[in-house]
Novice: 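Here it is, the structure in full.
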Amino acid sequence: MVNTTYQVQGMTCGHCVSAVSAEVGAIEGVRDVQVDLAAGRVTVSSEQPLDTAVVRAAVDEAGYDLVDA
């Protein structure tokens, strides 16, 4: 299992958490998504390392921005 943490900008409420969790959770190989709303962090547990472009697309689809490291 691989755990990766991403910084996401624009999340402000429980709906934001649900939207990001649903979109990122739908990526193939993702097993768990944990969102720290206060810190703006999303930790993803997956079977293998994820392509950042795929994660960025899912976060964009939810209406938020993945912050470049």
Side-chain angles (χ1 to χ4, degrees):
M1 196 67 69
V2 177
N3 291 320
T4 309
T5 301
Y6 301 93
Q7 194 71 31
V8 177
Q9 197 170 39
M11 299 185 299
T12 59
C13 64
H15 175 266
C16 303
V17 171
S18 296
V20 170
S21 295
E23 290 296 335
V24 174
I27 297 171
E28 185 175 341
V30 170
R31 293 291 166 242
D32 186 50
V33 179
Q34 296 294 318
V35 178
D36 180 341
L37 182 60
R41 286 192 296 262
V42 177
T43 301
V44 182
S45 298
S46 56
E47 295 172 353
Q48 299 179 28
L50 299 173
D51 182 342
T52 303
V54 173
V55 176
R56 182 180 308 280
V59 170
D60 286 348
E61 183 65 28
Y64 307 96
D65 296 313
L66 189 66
V67 178
D68 292 324

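Keep in mind that this is a model prediction, so the values were computed, not measured.
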Novice: Might you point out which heavy atoms bring Gly10 and Cys16 nearest each other, and give the distance in Å?
Specialist: O-SG, 4.3 Å
Novice: Check Gln9 against Tyr64 and note the closest heavy-atom contact, atom names and distance.
Specialist: O-CB, 3.5 Å
Novice: Using the test side-chain hydrogen bond (donor to acceptor under 3.5 Å, both in side chains), find all partners of Thr43 that sit at least two apart in sequence or belong to another chain.
Specialist: Thr5
Novice: Do Val42 and Val59 have side chains that approach each other closer than 4.5 Å (heavy atoms only, starting at C-beta)?
Specialist: no
Novice: Do the non-hydrogen side-chain atoms of Ile27 and Leu50 ever get within less than 4.5 Å of each other?
Specialist: yes
Novice: Starting at CE of Met11, measure out to CG of Asp36 and round the result to the nearest 0.5 Å.
Specialist: 8.0 Å
Novice: At their closest point, which heavy atom of Val30 faces which heavy atom of Gly25, and how far apart are they?
Specialist: CG1-CA, 4.0 Å
Novice: If you round to the nearest 0.5 Å, how far is CG of Asp65 from CD of Gln7?
Specialist: 12.0 Å
Novice: Which residues pass the side-chain contact (heavy atoms from CB on, under 4.5 Å) test with Gln48, not counting sequence neighbours?
Specialist: none
Novice: How long is the span from the CG atom in Asp32 to the OG atom in Ser46, to the nearest 0.5 Å?
Specialist: 10.5 Å
Novice: According to a hydrophobic-cluster definition based on side-chain heavy atoms being under 4.5 Å apart (Ile, Leu, Val, Met, Phe, Trp, Tyr only), do Val54 and Val44 belong together?
Specialist: yes
